[in-house]
Amino acid sequence: MSTLQYIILIPALIFVLMSVASGLIWVERRLLGIWQDRLGPNRVGPFGVLQVLADILKVFTKEDWVPPFADKPVFITAPAIIVVTVLITFAVVPFGPRAGLADLNIGLLFFLAMSSLGVYSVALAGWASDSKYSLLGGLRASAQMISYEVFMGLSLMGVVMLAGSFNLRTIVLAQRHMWNIVPQFLGFIIFMIAGIAETHRLPFDLPEAESELVAGFHSEYSGMKFGMFFLGEYFGITLISAMMTTLFLGGWMGPVLPPIVWFALKTFAFICFFILLRATLPRPRYDQLMSFGWKTMFPLSLVNLLVTGGIILAAR
Amino acid sequence: MLALLRALWLILLHTFKKRVTVQYPEQKPYVPPRWRGRIILSRDPDGGERCVACYLCAVACPVDCIALQAAEDETGRRYPASFRINFSRCIFCGYCEEACPTYAIQLTTDYEMGEYRRANLVYEKEDLLISGQGKYPGYNFYRVAGVEIGGKAKGEAENERPPVDVRGLLP
Ligand code: SF4
Ligand code: SF4
């Protein structure tokens with residue numbers, strides 16, 4: 001692609017992602033409402049879609065307050081980090097056979113690296129806020145994300161072995177005959193759980209944990225800085241759903257409909273599933289989360305890796 | 001694990017359940033007749049003001065939001081010269097209604113009293129006084145009370161015997 005194309009495509013992609021992320025706020029509230037026998041926001045505009053606009057206006061006009069005891073520069077950069085790291089990762093996601101910004105041959109590694117960088121956002125936010133709740137939230141976030149990252153990477157190795165490449169486009173093309181979710185079902189489940197933990201969504205929202213830590217790492221944030229964390233979270237959900245689609249559900253592939261529509265549909269289905277999880281599951285205790293990660297998920301992903309490797313060797 | 005999947009399925013089934021939301025402005029919720037809402041001052045069956053300005057409601061009010069000034073007309077009948085309720089402080093506890101000896105002050109089923117300006121929530125006597133009898137029809141305090149006012153001497157109230165002459169010898 002030429003430079004000019006990039007200059008047009010990048011803002012377009014960012015715009016689309018922004019709209020998706022803010023639209024998701026409405027989708028999430030509506031769906032949660034439906035699953036709790038309520039209606040959800042349905043007042044502003046048709047079916048309440050303009051609620052998003054009202055929310056954005058509200059968050060922009062809120063007082064943007066930095067607590068006097070906070071570490072100012074770090075406090076201000078922290079929310080930007082999460083948005084930037086997640087947005088950068090979208091560059092390697094193949095939305096269609098030709099669509100997508102970068103065709104990186106280590107696309108998968110790039111995704112893993114960027115999602116690890118996201119830890120800095122929460123950890124620094126918790127540290128810079130200089131408040132006990134935020135610090136506890138930040139501590140939990142870093143421990144949780146680092147431990148879940150380990151088997152998030154491991155669970156994907158099966159996919160890499162099947163495709164023989166780290167390139168996301170090649171991985172999608174390798175699923176022409178059979179989607180990875182069939183041979184790599186265990187890897188899929190492990191990746192999904194790790195993905196939820198990475199984006200610290202419910203039920204793994206221990207860094208936020210409204211009921212115990214007020215709002216965890218973003219207790220001290222207000223206005224658009226808080227909005228950035230929110231945006232980052234919704235970007236994160238979209239990214240994990242897009243990655244699950246790419247890695248396990250055959251990406252853009254599907255009959256009849258155009259590829260980009262298939263991609264969007266699959267991604268949206270995963271997002272809805274995430275919201276359903278939120279509506280259903282209670283939050284585990286912190287030690288339960290840790291032992292679940294290290295004592296169940298980690299060995300399982302190792303077994304998955306060994307068995308996949310063994311089968312591929314034997315089939316050769 | 002199975003319980004988990006079952007929970008997910010059950011929550012998913014809630015998509016088809018009946019909604020419990022009452023779509024408020026279009027769809028009014030049921031309000032019981034004894035609802036404690038906007039306060040009114042009622043009149044007796046003869047059209048006179050029931051309130052006798054005894055201050056009992058003002059004393060009973062836990063948040064002290066009733067202010068009134070007593071006055072007396074030429075017949076000796078008491079009435080409030082001014083009566084003010086500050087609804088921005090009222091907690092709608094209904095103690096004023098319980099304290100009132102004349103059924104004058106009553107809480108009604110109206111609750112839609114939102115205002116943009118706080119000062120508009122201060123209701124004066126002309127805002128409070130209604131033309132009817134409210135929840136308790138047919139009661140007139142001066143007709144049953146033994147108080148003497150112009151046009152009704154002692155012993156002339158309903159079910160009241162003529163006063164006993166305490167200095168007389170006969171029973
Ligand atoms: S309802 Fe309660 S708070 Fe309101 S005026 Fe009567 S006594 Fe006062
Ligand atoms: S409203 Fe009732 S309690 Fe209050 S001053 Fe009048 S008569 Fe007395």
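No hydrogens, no waters, no symmetry mates; every other heavy atom, side chains included, goes into these values. Below, chain A is the first sequence line, B the second, and so on; all start at residue 1.
In B:Y95, the OH atom is not crowded: 12 or fewer heavy atoms of neighbouring residues, nucleotides or ligands sit closer than 6.0 Å. Within a 6.0 Å sphere centred on CZ of A:F268, other residues, nucleotides and ligands contribute 12 heavy atoms or fewer. When the shell of 6.0 Å around CH2 of A:W179 is examined, it contains more than 12 heavy atoms from other residues, nucleotides or ligands. Summarising the local packing, CZ of A:F47 is surrounded by 12 or fewer heavy atoms from other residues, nucleotides or ligands at distances under 6.0 Å. The number of heavy atoms from other shown groups lying within 6.0 Å of NZ (A:K295) does not exceed 12. B:Y30 OH: more than 12 foreign heavy atoms inside a 6.0 Å radius.
Neither the backbone nor the side chain of A:L31 comes within contact range of chain B; no heavy atoms are under 4.5 Å apart.
A:D37 and B:H14 get closest at one heavy-atom pair: OD1-ND1, 3.0 Å. Taking both residues in full, the closest heavy atoms of A:L281 and B:L4 are given as CD2-CD2, 3.7 Å, listed atom of the first, atom of the second, then distance. The minimum heavy-atom distance between A:R43 and B:E26, with the atom names listed, is NH1-OE2, 3.0 Å.
Here the straight-line distance linking atom CD1 of A:I34 with atom NZ of B:K17 works out to 14.0 Å at 0.5 Å rounding. Summarising the geometry, atom CD belonging to B:Q23 is positioned 5.0 Å from atom CG belonging to A:N42; distances are rounded to the nearest 0.5 Å.
Ranked by heavy-atom pairs under 4.5 Å with chain A, the list B:L12, B:V20, B:L10 is led by B:L12.
By the 4.5 Å heavy-atom criterion applied to side chains, A:Q36 and B:I11 are not counted as neighbours.
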